[in-house]
A.B. asks: 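Let me begin by handing over the structure; questions about it come next.
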Amino acid sequence: QVQLVESGGELVQAGGSLRLSCAASGRTFSSYTMGWFRQAPGKEREFVATIMWSGYRDYADFVKGRFTIVRDNAKNTVYLQMNSLKPEDTAVYYCAASKRATMIQDEYDYWGQGTQVTVSS
């Protein structure tokens with residue numbers, strides 16, 4: 001029912017910046033918790049950042065101070081601003097939506113198909 005489409009992933013050099021976007025369908029976007037997750041080759045998908053309907057934000061330790069999650073309810077879009085990128089940030093980045101205030105993957109109800117971010121050294 002809810003569809004999420006990520007965009008903005010590309011090849012970037014270490015130390016550079018990227019801004020990922022996630023466009024969401026539906027008319028109740030503002031009531032969902034939105035999150036960003038990532039999955040590197042051969043690894044499990046991991047939590048990156050989340051923003052609650054209240055505006056509260058939380059981040060994984062490895063991106064604190066570098067990444068910022070922002071939502072624009074009028075545009076039904078969530079962004080992930082990524083600065084000071086490292087090769088370790090290379091992964092497919094997914095956006096997701098949850099009816100709960102959570103950072104737990106299993107509690108997210110809807111997922112996008114991902115966008116590739118590659119950070120070269």
Side-chain angles (χ1 to χ4, degrees):
Q1 185 177 23
V2 176
Q3 297 185 59
L4 305 173
V5 180
E6 305 96 332
S7 62
E10 60 183 85
L11 174 66
V12 64
Q13 294 187 63
S17 298
L18 282 176
R19 181 173 178 263
L20 306 183
S21 298
C22 176
S25 66
R27 300 179 180 179
T28 58
F29 174 78
S30 62
S31 66
Y32 286 87
T33 293
M34 301 298 298
W36 285 96
F37 299 80
R38 70 186 188 186
Q39 186 170 25
K43 297 184 178 181
E44 296 293 318
R45 187 167 57 197
E46 62 184 350
F47 167 77
V48 175
T50 187
I51 183 166
M52 315 300 181
W53 61 267
S54 64
Y56 175 81
R57 298 170 173 86
D58 204 359
Y59 300 91
D61 288 341
F62 53 80
V63 302
K64 287 182 178 178
R66 298 191 298 126
F67 292 9
T68 303
I69 185 170
V70 181
R71 69 190 302 162
D72 186 337
N73 291 335
K75 296 182 178 180
N76 283 357
T77 302
V78 177
Y79 306 94
L80 184 67
Q81 178 66 47
M82 305 185 293
N83 299 324
S84 302
L85 284 163
K86 305 174 181 179
E88 307 94 273
D89 296 319
T90 296
V92 176
Y93 284 71
Y94 300 88
C95 65
S98 176
K99 299 177 182 178
R100 306 168 68 172
T102 182
M103 61 186 73
I104 301 173
Q105 295 185 46
D106 290 347
E107 296 181 351
Y108 279 76
D109 305 291
Y110 308 103
W111 293 82
Q113 295 191 25
T115 184
Q116 176 70 50
V117 173
T118 303
V119 184
S120 63
S121 59

A.B. asks: Would L85 and Q13 count as a side chain to side chain contact (heavy atoms under 4.5 Å, CB included) here? Give the steps.
C.D. replies: CA-CA 8 Å; L85 284 163; Q13 294 187 63; over 6 Å; no
A.B. asks: Can you list the residues that meet the salt bridge (charged side-chain N to carboxylate O under 4.0 Å, His left out) rule with R57, with sequence neighbours excluded?
C.D. replies: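 Residues passing salt bridge (charged side-chain N to carboxylate O under 4.0 Å, His left out) with R57: none at all.
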A.B. asks: Who are the salt bridge (charged side-chain N to carboxylate O under 4.0 Å, His left out) partners of R71, not counting sequence neighbours?
C.D. replies: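 Once residues adjacent in sequence are excluded, R71 has no partner under the salt bridge (charged side-chain N to carboxylate O under 4.0 Å, His left out) criterion.
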A.B. asks: With the side chain counted from C-beta on, respond yes when F47 and I104 share a heavy-atom pair under 4.5 Å apart, and no when they do not.
C.D. replies: no
A.B. asks: When you compare the side chain of R38 with that of T90, does any pair of heavy atoms fall below 4.5 Å?
C.D. replies: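 T90 does not reach R38 side chain to side chain.
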A.B. asks: Run K64 and D61 through salt bridge (Lys or Arg N to Asp or Glu O under 4.0 Å) and show every step you take.
C.D. replies: CA-CA 5 Å; K64 287 182 178 178; D61 288 341; 3.2 Å; yes
A.B. asks: Check whether any side-chain heavy atom of T115 sits under 4.5 Å from a side-chain heavy atom of S7, and report yes or no.
C.D. replies: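 Contact flag for T115/S7 side chains = no.
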A.B. asks: Between I69 and V78, is a side chain to side chain contact (heavy atoms under 4.5 Å, CB included) present by the stated rule, with each step listed?
C.D. replies: CA-CA 7 Å; I69 185 170; V78 177; 3.8 Å; yes
A.B. asks: Quick check: closest heavy atoms across W36 and E6, and the distance to 0.1 Å?
C.D. replies: CZ3-CG, 3.9 Å
A.B. asks: Output yes when a side-chain donor or acceptor of S21 lies under 3.5 Å from a complementary backbone atom of Y79, and no otherwise.
C.D. replies: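 Side chain of S21 to backbone of Y79: no pair is present.
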A.B. asks: Could you tell me whether the side chain of M82 reaches within less than 4.5 Å of the side chain of V117, counting heavy atoms only?
C.D. replies: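 V117 vs M82: side chains touch.
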A.B. asks: Around atom CD of E88, are there more than 12 heavy atoms from other residues, nucleotides or ligands closer than 6.0 Å?
C.D. replies: yes
A.B. asks: Atom CD of Q3 and atom CG of N76: how far apart are they, to the nearest 0.5 Å?
C.D. replies: 12.5 Å
A.B. asks: Where is the tightest heavy-atom contact between L18 and Q81, given as atom of each residue plus distance?
C.D. replies: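 So the minimum-distance heavy-atom pair works out to O-NE2, 3.5 Å.
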A.B. asks: If you count the non-hydrogen atoms of other residues, nucleotides and ligands that lie under 6.0 Å from CD in Q113, is the total more than 12?
C.D. replies: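 It does not: Q113 CD has 12 such atoms or fewer within range.
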A.B. asks: Is it the case that atom CH2 in W111 sees more than 12 heavy atoms from other parts of the structure closer than 6.0 Å?
C.D. replies: yes
A.B. asks: If you draw a 6.0 Å radius around CD in E46, do more than 12 non-hydrogen atoms from other residues or ligands fall strictly inside?
C.D. replies: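 Atom CD in E46 is packed in, count exceeds 12.
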A.B. asks: Over all heavy atoms of both residues, which pair between T33 and A101 is shortest? Give the atoms and the distance, please.
C.D. replies: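 So the minimum-distance heavy-atom pair works out to OG1-CA, 3.5 Å.
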A.B. asks: Quick one: pull up CG in D109 and OH in Y32 and give me the separation to the nearest 0.5 Å.
C.D. replies: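 So the gap between those two atoms works out to 7.0 Å.
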A.B. asks: What's the separation between atom OH in Y94 and atom CD in Q105, rounded to the nearest 0.5 Å?
C.D. replies: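 If I round to the nearest 0.5 Å, the distance is 10.5 Å.
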A.B. asks: Any chance the side chains of S25 and Y110 put a donor and an acceptor closer than 3.5 Å?
C.D. replies: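 Note: S25 and Y110 side chains miss the donor-acceptor criterion.
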A.B. asks: Rest of the hydrophobic cluster containing M52 (Ile/Leu/Val/Met/Phe/Trp/Tyr, side-chain heavy atoms under 4.5 Å)?
C.D. replies: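 Besides M52, the hydrophobic cluster comprises Y56, listed by chain and residue number.
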